[in-house]
Amino acid sequence: MYFAALLARTEDGWEASDTELDDVETLSDLTELAREASVDDDTVIVFIEQEDAWFGLLRIEGEDDPRIYVSDGAAARRSSYGEILIKELLGDDLDGDAPDLDALDLDGTEDGEPLDQEEDEEEVPGVAVETVPAAPIGDRLVLADLGLPEKELLALESDALAEIADALGAAEVLETVR
């Protein structure tokens with residue numbers, strides 16, 4: 001099961017909202033979703049979490065390229081939304097050539113179901129198994145200037161969103177969304 005939230009910085013502080021990822025099939029879709037939540041091209045953080053398996057952050061500021069962090073590359077690789085982030089991080093973003101989610105052979109992990117060990121060795125289209133580490137990947141400084149240094153980001157495990165929101169000073173607004 002996934003949980004996704006948007007944290008958008010405004011002149012009055014952070015605004016939080018949960019978001020549906022049903023229409024997200026590419027990194028461009030996810031980036032567009034974040035930019036739509038932005039006020040005056042301010043910072044927007046998209047948080048995606050698959051229960052106790054991995055979480056990912058996408059930071060958007062104006063028209064700058066998105067900054068991405070994933071807590072566990074190998075776990076994220078096995079999920080449809082994680083694959084979107086992993087492909088960008090590993091330089092394998094196929095843009096318009098990427099298959100849409102309907103064309104992928106989804107194995108149930110998008111709903112949080114565990115894989116059998118044999119299935120775990122299958123490749124996700126466009127991303128080789130051996131190239132995805134079972135460790136954090138991406139921009140480890142993605143939130144450093146907002147109050148969450150690299151060391152603390154790497155230490156996050158369960159309930160990461162609450163700790164991230166607390167570090168950003170957005171815990172109260174996030175709690176109203178949950």
Side-chain angles (χ1 to χ4, degrees), residues 1-7 18-21 24-35 37 43-61 64-95 98-99 101 104 106-115 119-168 174:
M1 185 69 145
Y2 286 104
F3 176 76
L6 284 166
L7 297 172
D18 61 346
T19 187
E20 290 295 323
L21 299 177
V24 172
E25 296 180 0
T26 65
L27 182 64
S28 296
D29 293 341
L30 191 57
T31 301
E32 183 179 323
L33 182 72
R35 287 197 171 115
T43 302
V44 176
I45 308 292
V46 179
F47 178 89
I48 303 170
E49 178 179 56
Q50 186 176 359
E51 288 181 6
D52 298 326
W54 66 275
F55 70 89
L57 300 167
L58 176 78
R59 179 176 175 170
I60 302 292
E61 292 181 288
D64 292 347
D65 287 341
R67 296 172 64 187
I68 301 169
Y69 172 82
V70 175
S71 65
D72 184 330
R77 177 195 55 81
R78 294 186 297 262
S79 77
S80 55
Y81 299 117
E83 180 195 3
I84 292 170
L85 301 176
I86 297 298
K87 286 173 66 176
E88 177 67 16
L89 288 171
L90 297 179
D92 196 13
D93 185 9
L94 303 174
D95 292 323
L101 293 181
L104 294 176
L106 299 178
D107 56 14
T109 58
E110 62 278 355
D111 293 325
E113 297 171 17
L115 288 172
E119 292 177 10
D120 192 34
E121 298 303 317
E122 293 179 16
E123 290 188 17
V124 172
V127 180
V129 172
E130 63 274 2
T131 63
V132 184
I137 60 173
D139 185 349
R140 295 173 179 204
L141 299 175
V142 67
L143 300 177
D145 63 322
L146 297 175
L148 190 67
E150 175 183 5
K151 184 178 179 180
E152 291 178 29
L153 179 64
L154 293 172
L156 295 176
E157 292 180 16
S158 63
D159 204 20
L161 179 56
E163 293 184 45
I164 289 169
D166 188 47
L168 299 178
L174 180 66

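Basis for what follows: all heavy atoms, side chains included, without hydrogens, waters or symmetry-related copies.
Here the CD1-CG distance, from I68 to L58, works out to 5.5 Å after rounding to the nearest 0.5 Å. Rounding to the nearest 0.5 Å places CD of E49 at 9.5 Å from CH2 of W54. For the atom pair L33 CG and S28 OG, the distance stands at 12.5 Å (nearest 0.5 Å). To the nearest 0.5 angstrom, L57 atom CG is 9.0 Å from I48 atom CD1. Note that CZ of R77 is 11.0 Å distant from CD1 of I137, once rounded to the nearest 0.5 Å. To the nearest 0.5 Å, atoms CG (L30) and CG (L21) are separated by 6.5 Å.
In terms of heavy-atom proximity, P66 sits nearest to L27 at CG-CD2, 4.4 Å. For the pair T19 and A5, the tightest heavy-atom approach, listed with the atom from each and the gap, is CG2-N, 4.1 Å. Taking every heavy atom of both residues into account, A74 and V132 meet most closely at N-CG1, 3.4 Å. Across all their heavy atoms, P133 and D72 have their closest contact at O-OD1, 4.2 Å. In terms of heavy atoms, L174 sits closest to A165 at CD2-CB, 3.5 Å.
Looking at heavy atoms from C-beta onward, L168 lies in side-chain contact with L7 at the 4.5 angstrom threshold.
For T43, the side-chain hydrogen bond (donor to acceptor under 3.5 Å, both in side chains) partners two or more places apart in sequence, or in a different chain, are E61. Looking at residues two or more places apart in sequence or on another chain, you find a side-chain hydrogen bond (donor to acceptor under 3.5 Å, both in side chains) between R67 and D139. For D29, the side-chain contact (heavy atoms from CB on, under 4.5 Å) partners at least two apart in sequence or on another chain are V24, E25, T26.
Ring geometry, Y69 versus F55: the interplanar angle falls from 30° to 60°, so the pair is classed tilted.
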Trace of the side chain to side chain contact (heavy atoms under 4.5 Å, CB included) decision for I45 with L6: CA-CA 6 Å; I45 308 292; L6 284 166; over 6 Å; no
Report, one line per pair, each donor and acceptor closer than 3.5 Å where one atom sits in a side chain of residues 140-149; sequence neighbours left out.
residue	atom	partner	partner atom	Å
R140	NH2	P136	O	3.2
D145	OD1	R59	NH1	2.7
D145	OD2	R59	NH2	3.1

